[in-house]
Amino acid sequence: MTVPDPGVYISTAQMYQEVRDLAQTVGRIESKVDSFLDEAKDIRSDVQDHELRIRTLERARWPMPTIGVLAGVAGAATGAIALFAR
């Protein structure tokens, strides 16, 4: 006849210490998650600022090709007038 294995005994003091360690670890993780969320808010505000700047630049840029086309047409018209005016 064999003697049954008694298993592992964990005292209440050991269990309490493990729970305390786990609570401290969770507290550290919570503080890191909070700092990540704060950084994400900063990043979102930066992205919104960049979007606003890009939109402003895009609105200010559209006349440049139009001015170039008008200058080309004016130059061609001036050349045609000079050619036919002789």
Side-chain angles (χ1 to χ4, degrees):
M1 178 172 230
T2 61
V3 178
D5 186 20
V8 178
Y9 174 74
I10 301 174
S11 70
T12 55
Q14 288 173 325
M15 184 64 77
Y16 176 75
Q17 186 59 42
E18 287 297 320
V19 169
R20 293 281 298 165
D21 291 343
L22 184 61
Q24 289 175 352
T25 303
V26 169
R28 285 195 309 267
I29 291 171
E30 282 179 340
S31 66
K32 288 180 182 180
V33 168
D34 288 340
S35 69
F36 287 143
L37 290 176
D38 290 341
E39 288 178 19
K41 287 178 186 175
D42 293 341
I43 290 171
R44 273 194 298 260
S45 67
D46 287 345
V47 167
Q48 289 173 350
D49 180 48
H50 290 306
E51 278 291 323
L52 179 64
R53 287 179 171 187
I54 289 171
R55 298 290 180 230
T56 303
L57 288 173
E58 287 173 345
R59 272 187 253 125
R61 187 174 167 242
W62 75 267
M64 289 182 193
T66 305
I67 292 170
V69 168
L70 291 176
V73 169
T78 305
I81 291 172
L83 180 66
F84 294 121
R86 287 201 233 170

Partners passing side-chain hydrogen bond (donor to acceptor under 3.5 Å, both in side chains) against E18 (at least two apart in sequence or in another chain) |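 Partners of E18 under the side-chain hydrogen bond (donor to acceptor under 3.5 Å, both in side chains) test: none.
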
Out of curiosity, [X] [atom1] to [Y] [atom2], how far, rounded to the nearest 0.5 Å?
| X | Y | atom1 | atom2 | result |
| --- | --- | --- | --- | --- |
| Q14 | Q17 | CD | CD | 10.0 Å |
| T12 | M15 | OG1 | CE | 9.0 Å |
| E30 | T25 | CD | OG1 | 11.5 Å |
| Q48 | R44 | CD | CZ | 8.5 Å |
| E51 | T56 | CD | OG1 | 10.5 Å |
| D49 | I54 | CG | CD1 | 10.0 Å |

For the student: nearest non-hydrogen atoms of R28 and S31, plus distance =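 For R28 and S31, the tightest heavy-atom pair comes out as O-OG, 2.7 Å.
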
Side chains of R55 and L52 in contact at under 4.5 Å (non-hydrogen atoms) |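 No; the side chains remain at least 4.5 Å from each other.
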
Shared hydrophobic cluster, V73 / I81 (ILVMFWY, side-chain heavy atoms < 4.5 Å) | no

